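Keep in mind the model is a prediction, meaning the values are calculated, not measured. Labels below follow one simple rule: chain letters A, B, ... track the order of the sequence lines, proteins then strands, and each chain is numbered from 1.
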Amino acid sequence: MMAKKYQAPRGTIDYLPPESVKQLHVEAVFRDLCENYGYQPIRTPMFETTELFARGAGESSDIVSKEMYTFDDKKGRSMTLRPEGTPGVVRALIEMGWNFAQQTRLYYIGSMFRYQRPQKGRYREHTQAGLEIIGPDSVTADVEVISIGVNFLIALGLDDLKVVINTVGSVEDRTRYNEILKVFIDERHDEFCPDCHFRAEHNPMRVFDCKVPECHEILNDAPGMFDTLSKESLDRFETLKELLEAEEIEYEVDPKLVRGLDYYTHSVFEVMVRGEEGQQSSLMGGGRYDSLVELYGGQPTPAMGFGAGLERIVEAIDWEDLEEIVNPECDIAIVALGEQAQRVAVTIADKLRVAGLMVHMDHRGSSFKNQLGQANTLKAAATIILGENELEGGIVILKEMESGEQENVPLDGVVETVLQAFSTDSED
RNA sequence: GUACCUGUAGCUCAGGUGGUUAGAGCGCCUGACUGUGGAUCAGGAGGCCGAGGGUUCAAGUCCCUCCAGGUACCCCA
């Protein structure tokens, strides 16, 4: 009977070494940087009630309308695997009665799920590193968030970055703009497609997402967002640009950058690598969301955050420069010949490991030559050779790999001898 | 969701118009060198040729369906 062949669900990834190592390295860099900025970790469930996401991102957004993994639990409640991190964070804070008067900095790393056609850099389950600063509405907070994002990528060796920014105005601006847009659409009602008619009723700004070419034509005549922003919003955007310049973060303004979530206000941004063609070049995106906390029933509280796609970042990095991360160096390899020697060796190996050394040993009973070859491949600094002759003589051979020099060391106390050797080495 | 391309050893890939036991490089294992490592040479293991059907005397090769990956549209991380 042939065993059934299982395969990973479409659009998901199995991370095996060395890919798994790369992913964890990127995560570690993110955590370190977040801590420098005073952000603390938060973990929230991978699924939430469907309504949470629907209300946050907006019913008419692509994410909510066609990309969610939604299912009914056994009691018939509609649940959804999180497509993004922000709603869960905000919900959690409100639920535990968080004091929103304080300034809260949080970060998270975890899986996000979106049902879409898989492609390179586009998966149905992907890992996102994200953060939120909740409380301050100052532009300096926006700059801080963008700065972490940019510096995160720089720390990974990605320095040819393109930072794109835009403003979508305040809630009031958007309400006013939507009204103006709706009037425009109604005036030329017959020229728009049925989908756009629907959008006009529910969220007029989404007509810009329409794929029908004719609709795009007409929209060239539509009033622009910039023209309808309040002076405060425009000033705010100017300040953002000034502060970014002061930090020497180069940016481009893209008025068409709206982001796919309805809850954004004022500053929105996206970071990609230059020269990386293809549509999945965006490594991170985020923005301000001053009305989401209130929308979820909390104290009206401004906030700002971003999400970064770790798979895309891993793909963008040139790992040749980071060889030592993918293949860390080994301190000691134990060459054990014969079953008896192998049994003695495993104990020595474990003691050295507990003491903090990276120790390799072969459990297959491979040949002498092969085991020494493994030590070589792993770039072990030294080898402990333990065969039947040594066992009888109560010694081991300690071999320094680079010079090839070797000496006999008593089997009793070999762990201490080796540790001693390594501690004096590292003190130099 | 729509269109096109792809799917052969662990990895990267060869396999004109269908034709005997399916190949290479890298990697792995063994030996030359009874117990001393990056080289060289020789050998070996490892494949229901993505899955299932069909055409044919004969299918890795042609046809259909499905699955998966990639590219464009779209969306985004």
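Gln128(A) comes within contact range of the sugar-phosphate backbone alone, with a heavy-atom separation under 4.0 Å but no base atom that close. Arg364(A) comes within contact range of the sugar-phosphate backbone alone, with a heavy-atom separation under 4.0 Å but no base atom that close.
A salt bridge is defined here as a Lys NZ or Arg NE, NH1 or NH2 lying under 4.0 Å from an Asp or Glu carboxylate O, and Asp142(A) with Arg236(A) meets this definition. For Glu27(A) and Arg31(A), the salt-bridge test passes: some basic side-chain N is under 4.0 Å from an acidic carboxylate O. The residues Arg312(A) and Glu315(A) are annotated as not salt-bridged, no charged nitrogen and carboxylate oxygen being separated by less than 4.0 angstrom. Remark: Glu250(A) does not engage Lys241(A) in a salt bridge, criterion side-chain N to carboxylate O under 4.0 Å.
In this view, Glu144(A) and Tyr39(A), Arg105(A) satisfy the side-chain hydrogen bond (donor to acceptor under 3.5 Å, both in side chains) rule, not counting sequence neighbours. For the side chain to side chain contact (heavy atoms under 4.5 Å, CB included) test, residues two or more places apart in sequence or in another chain that qualify with Ala380(A) are Cys330(A), Ala333(A), Ala375(A). Partners of Tyr107(A) by ring pair (Phe, Tyr, Trp, His ring centres under 6.0 Å), not counting sequence neighbours, listed by chain and number: Phe30(A). For the side chain to side chain contact (heavy atoms under 4.5 Å, CB included) test, residues two or more places apart in sequence or in another chain that qualify with Thr70(A) are Thr50(A), Met68(A), Ser78(A), Thr80(A). Taking the side chain to side chain contact (heavy atoms under 4.5 Å, CB included) definition, one finds that Asn151(A) meets it with Leu33(A), Tyr37(A), Ser147(A), Ile154(A), sequence neighbours left out.
The P atoms of rG19(B) and rG25(B) are separated by 23 Å, rounded to the nearest whole Å. Nucleotides rA77(B) and rG18(B) place their C1' atoms 46 Å apart, quoted to the nearest Å.
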For residues 342-350 of chain A, which side-chain donor-acceptor pairs fall under 3.5 Å, sequence neighbours excluded?
from: Gln342(A); atom 1: NE2; to: His363(A); atom 2: O; distance (Å): 3.4
from: Arg343(A); atom 1: NH2; to: Glu339(A); atom 2: OE2; distance (Å): 2.9
from: Asp350(A); atom 1: OD1; to: Arg353(A); atom 2: NH1; distance (Å): 2.9

Tell me which donor-acceptor pairs under 3.5 Å the side chains of residues 401-412 of chain A have, and how far apart each pair is, sequence neighbours excluded?
from: Ser403(A); atom 1: OG; to: Glu400(A); atom 2: OE1; distance (Å): 2.7
from: Ser403(A); atom 1: OG; to: Glu405(A); atom 2: N; distance (Å): 3.2
from: Gln406(A); atom 1: OE1; to: Lys399(A); atom 2: NZ; distance (Å): 3.3

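Among the duplex regions that RNA chain B forms, those built from at least three successive Watson-Crick or G-U pairs under 3.5 Å are B:1-7 with B:67-73, B:10-13 with B:23-26, B:28-32 with B:40-44, B:50-54 with B:62-66, ordered by first number.
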Pull out every protein N or O sitting under 3.5 Å from an N or O of nucleotides 25-27 of chain B, one pair per line with the distance.
none

Give each protein N/O atom lying under 3.5 Å from an N/O atom of nucleotides 5-11 of chain B, with the pair distance.
none

Distances under 3.5 Å only, N/O to N/O: pair up the protein atoms with those of nucleotides 35-37 of chain B.
from: rG35(B); atom 1: O6; to: Asn389(A); atom 2: N; distance (Å): 2.8
from: rG35(B); atom 1: O6; to: Asn389(A); atom 2: OD1; distance (Å): 3.0
from: rG35(B); atom 1: O6; to: Asn389(A); atom 2: ND2; distance (Å): 2.4
from: rG35(B); atom 1: N1; to: Glu390(A); atom 2: OE1; distance (Å): 2.8
from: rG35(B); atom 1: N1; to: Glu390(A); atom 2: OE2; distance (Å): 3.0
from: rG35(B); atom 1: N2; to: Glu390(A); atom 2: OE1; distance (Å): 3.4
from: rG35(B); atom 1: N2; to: Glu390(A); atom 2: OE2; distance (Å): 2.8
from: rU36(B); atom 1: O2; to: Lys399(A); atom 2: NZ; distance (Å): 3.1
from: rU36(B); atom 1: N3; to: Gln406(A); atom 2: OE1; distance (Å): 3.3
from: rU36(B); atom 1: N3; to: Gln406(A); atom 2: NE2; distance (Å): 3.4
from: rU36(B); atom 1: O4; to: Gln406(A); atom 2: NE2; distance (Å): 3.1
from: rG37(B); atom 1: O2'; to: Asn376(A); atom 2: ND2; distance (Å): 3.1
from: rG37(B); atom 1: O6; to: Met401(A); atom 2: O; distance (Å): 3.2
from: rG37(B); atom 1: N1; to: Met401(A); atom 2: O; distance (Å): 2.4
from: rG37(B); atom 1: N2; to: Asn376(A); atom 2: OD1; distance (Å): 3.2
from: rG37(B); atom 1: N2; to: Met401(A); atom 2: O; distance (Å): 3.4
from: rG37(B); atom 1: N3; to: Asn376(A); atom 2: OD1; distance (Å): 3.2

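Judged by distance alone, with hydrogens and angles left aside, Arg312(A) brings a side-chain donor or acceptor within reach of the base of rC76(B), the pair sitting under 3.5 Å.
For the salt bridge (charged side-chain N to carboxylate O under 4.0 Å, His left out) criterion with Glu48(A), the lone passing option out of Arg55(A), Arg82(A), Arg91(A) is Arg91(A). Residue Tyr108(A) is tested with Glu132(A), Arg43(A), Gln128(A) for a side chain to side chain donor-acceptor pair (under 3.5 Å); the sole match is Glu132(A).
Side-chain atoms of Glu125(A) and Ser111(A) include a donor-acceptor pair closer than 3.5 Å. For the residue pair Asn178(A) and Thr175(A), no side-chain donor N or O sits within less than 3.5 Å of a side-chain acceptor on the partner. Side-chain contact, Glu67(A) with Tyr115(A): no donor N or O sits under 3.5 Å from an acceptor N or O.
Residue-to-nucleotide proximity on RNA chain B shows that, of Ala8(A) and Glu125(A), the 5′-proximal contact is made by Ala8(A).
Contacts between residues 141-152 of chain A and RNA chain B, counted as heavy-atom distances below 4.0 Å, involve no residue at all.
The shortest distance between the side-chain N/O atoms of Gln7(A) and the OP1/OP2 oxygens of rG50(B) is not below 4.0 Å.
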